[in-house]
Undergrad: 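The structure that follows is given in the form of C-alpha cells.
Numbering of ligands and ligand atoms starts at 1, following listing order.
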Amino acid sequence: MYRAPVDEIAFTLKHVCGLGDLQQNTRYAELGDDLVDAIVAEAGRFAAEEIAPLNAVADKHGTPLQDGKVTTPPGWREAYHAWIDGGWNGLSADPESGGQGLPQMLSAAALEMWNSGSMSFAIGPTLTIGAVEAMEKHASDELKAKYLARLVSGEWMGTMNLTEPQAGSDLNALRARAERNDDGTYRIFGQKIFITYGDHDLTDNIIHMVLARLPDAPAGTRGISLFLVPKFLVGDDGALGARNDVRVAGVEHKMGIHGSPTCTMIYGDDGGATGWLIGEENRGLACMFTMMNNARLAVGIQGLGVAERAYQHALNYAVERKQGRAPGDKGEGMSPIARHPDIKRMLLTMKSKTQVARAICYACAHAIDMTNIADDDEGRTFWNERAGLLTPIAKALSTDFGVEVASLGVQIHGGMGYIEETGAAQHLRDARIAPIYEGTNGIQSIDLVMRKLPLSGGTQINGFIAELKAIADEVAASNRPEFGATADRLNASIRDLEEATDFMLSAQAEGRIADALSGATPYLRVAGLSLGGALLAKGALRSVSEPAARLAERTLLARSFCETVLGETAGLKSDIVLSAEAIQAFDAEALAS
Ligand SMILES: Cc1cc2nc3c(=O)[nH]c(=O)nc-3n(C[C@H](O)[C@H](O)[C@H](O)COP(=O)(O)OP(=O)(O)OC[C@H]3O[C@@H](n4cnc5c(N)ncnc54)[C@H](O)[C@@H]3O)c2cc1C
C-alpha cells in the first residue's frame with residue numbers, strides 16, 4: 001500500500017524550496033496555492049490508486065519479447081492511457097505544443113509520486129519528457145510540427161539512445177553511423193544497448209533520439225550528432241506509414257525495474273533507418289545534454305520516490321510485527337518492533353533521508369524554473385549555475401539514499417525482508433539501478449568537482465555555503481531547546497564542506513587533478529548532507545505557524561538527521577583530504593589475475 005504524502009510535498013514546495021518565487025512571476029500568475037494543492041492531491045490519488053497496485057505485478061511479469069514485439073505487464077496499457085488522458089505527461093511542457101506550462105517544481109512533485117507508485121512505470125514518460133525538452137530547444141519547426149504535440153500528449157513515447165557496448169560513460173567511443181541522403185534525411189546504422197522503453201505496446205509509435213556520427217565528423221564527442229528516428233515513419237498528414245529500419249533484438253534480464261523494458265536496438269540492418277537531424281551536425285551532444293540534465297534530476301527523483309515507498313512499507317510492518325519487549329513497555333505479550341530503539345533509529349533515518357532527497361530534488365527543480373523565468377543575464381547566469389551545482393547532488397545523493405533507505409526497509413522486515421512476497425526486496429532491487437544510469441554517481445561527483453565548483457571562479461559554491469550557514473545561524477537564534485544540537489552539528493558539517501571545497505579548488509588550481517578526482521565521491525556526499533541538514537532545519541523553522549504536531553515532527557526530523565547522519569561529514573572530509581595518496585598508490589591492475 002502507498003499513501004501519497006501530499007501535505008509534506010506541498011509544504012516542501014511552498015515553504016522549503018521557494019515555489020512562492022515562481023508564483024510571484026507573471027508567467028505563473030494563475031498558480032495559486034489552491035491550484036498547487038489540487039494538482040498535488042490529484043497526482044497523489046492517481047499514483048496511489050492506479051499506479052501503485054501495478055508495481056508488484058510488473059515485477060513478476062516483466063516485459064517479454066516475442067515475435068519482435070515487447071509486451072508490457074497486465075494493466076499497464078490501461079493505466080498509461082488513463083494517465084495521459086489526465087494530461088499528466090505534458091505538465092511542464094510548452095502550452096503551444098499542448099502542454100500545461102507548469103513549473104518543473106510541480107513536475108518534480110508529481111514525478112515523485114509516479115515513482116513511488118512504480119519506478120518502472122514512471123521511467124517511460126520521464127524519457128518522453130526529456131525528448132520533448134530536447135525538441136523544444138533544438139528541433140526544426142518542421143519536426144516540431146510533426147512530432148511535438150503527440151509526444152507532449154503521450155500519444156507517442158520517446159527514448160534516449162546513447163549507450164553502445166564499448167561506449168558507456170565515455171561517449172568518445174561511440175560508433176553508430178549516420179549517412180546523408182539527398183533529400184536532407186539521414187540513414188542511421190548501428191547497435192544501441194540498454195535502451196529503456198526501446199520497444200513496448202503502450203503507444204502506436206516510438207520516437208527514438210539517437211546519437212550517431214557522420215562520415216566526416218571530427219573524432220571524439222565533437223563529432224556526434226543527434227537524430228530523431230521514429231519506429232514508424234510519419235506522413236505529412238500525420239498518418240503512420242511504413243515500419244522504419246529499427247528493431248529490438250533483445251530485452252535484458254535485470255536485478256530490478258522488471259516492468260521497464262531495457263532493449264538492445266539495431267538500426268539499419270536493411271539499408272539504414274531513416275533519421276532526421278536535431279540541431280546542427282556534430283552538435284548532438286549539446287542537444288542530448290538538454291535531455292540528460294532533465295533526466296538526471298528525474299533519476300534523483302526515482303531515488304526519492306522509491307525511498308518514500310520503502311519507508312511507508314517498513315513503517316507499516318514495524319507497527320504490526322511484534323517481537324521482544326521494548327524498554328518501558330508494561331503488561332503482557334510482545335511489543336511491536338516499532339517501539340524498539342534500534343528500529344526507531346532506522347525508521348527515523350529512512351524518513352529523514354527521504355525528506356532530504358525530496359527537498360534537494362525540489363530545490364534543483366526550483367533553480368531550473370528560476371533560470372527559465374530570469375529577466376536579466378545576471379539572474380539567468382546565477383540560477384543556471386545553481387541548477388548546475390544542484391543537479392549532480394540531486395541525482396547522486398537521492399539515488400544513494402534510495403538504496404540506503406530501501407536496504408534499511410529490508411532490515412526492518414527481518415527475514416521476511418529477504419522473502420520476495422513482502423515486496424520490501426523489490427524496492428531495493430529497483431532502487432539499485434538509479435546510482436548507475438544517467439551518468440553513474442561517480443561521474444556525477446566528477447561533474448560536481450571539476451565543472452561545477454569552479455563556476456564563476458568559485459563564487460557560486462561559496463555563495464551556496466553562505467546560504468547554508470545563514471540557516472544554521474537561524475536555528476541557533478531560534479533558541480528552541482527541541483532543536484538539540486542541530487545548529488552545532490550543522491555548523492560543523494558546513495565547516496567540513498568549506499574545508500573540502502578549499503581542498504578541491506586548490507587541488508585543481510595546482511594541477512593535482514588525481515587528488516581532486518580521488519575525493520570527488522565523498523565530496524559530493526559532504527555537500528549533499530550539509531545541504532540536506534540545512535533544508536530539514538529550514539522546514540522546521542518554517543513550521544512555526546503549522547499545527548504543533550507538524551512543528552514537533554519536522555523539528556525532530558531535522559534534529560535526528562543533524563545529530564546522527566551529519567556526523568559522517570567529519571570522516572568524509574578526512575577521506576577527501578587524506579586518502580588521495582593511498583588511492584593513487586593502490587595498483588589494482590597489478591593485483592588482478
Ligand atoms: C536498466 C538500464 C537502463 C538504461 N537505460 C538507458 C537508456 O535508456 N539509454 C541509454 O543510452 N543508456 C541507458 N543505460 C546505460 C547507462 O546509462 C550506462 O550503463 C551507464 O551510463 C554506465 O555506463 P557503463 O554501463 O558502460 O559503465 P562504464 O562506463 O563501463 O562504467 C563502469 C564503472 O567505471 C566508472 N567509470 C567510468 N568512467 C570513469 C571515469 N572517467 N572516471 C571514474 N570512473 C569512471 C563508472 O562510474 C562505473 O562505476 C541503461 C542501463 C541500464 C542498466
Undergrad: Out of I193, L65, I195, V251, which one pairs with T264 under the side chain to side chain contact (heavy atoms under 4.5 Å, CB included) rule?
TA: I193
Undergrad: So is there a nitrogen or oxygen of I195 less than 3.5 Å from a nitrogen or oxygen in ligand 1?
TA: no
Undergrad: Check salt bridge (Lys or Arg N to Asp or Glu O under 4.0 Å) between E589 and all other residues, then give those that pass, not counting sequence neighbours.
TA: none
Undergrad: Tell me: protein heavy atom nearest atom 20 (C) of ligand 1, and distance?
TA: I436 O, 3.8 Å
Undergrad: Hey, does T163 come in under 3.5 Å of ligand 1, counting only N/O atoms on both sides?
TA: yes
Undergrad: Kindly indicate whether atom 33 (C) of ligand 1 is approached by any protein heavy atom to under 4.0 angstrom.
TA: no
Undergrad: Run down the list S120, G168, A167, S260 and name the one with the heavy atom closest to atom 24 (P) of ligand 1.
TA: G168
Undergrad: Side chains of E112 and Y362: do they bring a donor and an acceptor to under 3.5 Å?
TA: yes
Undergrad: Does ligand 1 have an atom under 4.0 Å from some heavy atom of D170?
TA: no
Undergrad: Taking the six-membered ring for Trp and the single ring otherwise, decide whether the centroids of F121 and W114 are under 6.0 Å apart.
TA: no
Undergrad: Give me the residue, atom name and distance of the protein heavy atom closest to atom 16 (C) of ligand 1.
TA: Y437 CB, 3.9 Å
Undergrad: How close does the nearest protein non-hydrogen atom get to atom 30 (O) of ligand 1, and which residue and atom is it?
TA: S169 OG, 5.0 Å
Undergrad: Between N161 and ligand 1, is there a nitrogen or oxygen pair with a distance under 3.5 Å?
TA: no
Undergrad: Please determine, by modelled atom types, if N441 and T399 share a side-chain donor-acceptor pair under 3.5 angstrom.
TA: yes
Undergrad: Using heavy-atom distances, let me know which of M288, H208, M160 sits nearest atom 9 (N) of ligand 1.
TA: M160
Undergrad: Taking the side chain as every heavy atom from C-beta outward, state whether V57 and P74 have any pair of such atoms under 4.5 Å apart.
TA: yes
Undergrad: Does some non-hydrogen atom of the protein lie less than 4.0 angstrom from atom 42 (N) of ligand 1?
TA: yes
Undergrad: Do any N/O atoms on L127 end up under 3.5 angstrom from N/O atoms on ligand 1?
TA: no
Undergrad: If you draw the axis of the six-membered ring of F232, does the NZ or CZ of R243 fall within 45° of it and under 6.0 Å from the ring centre?
TA: yes
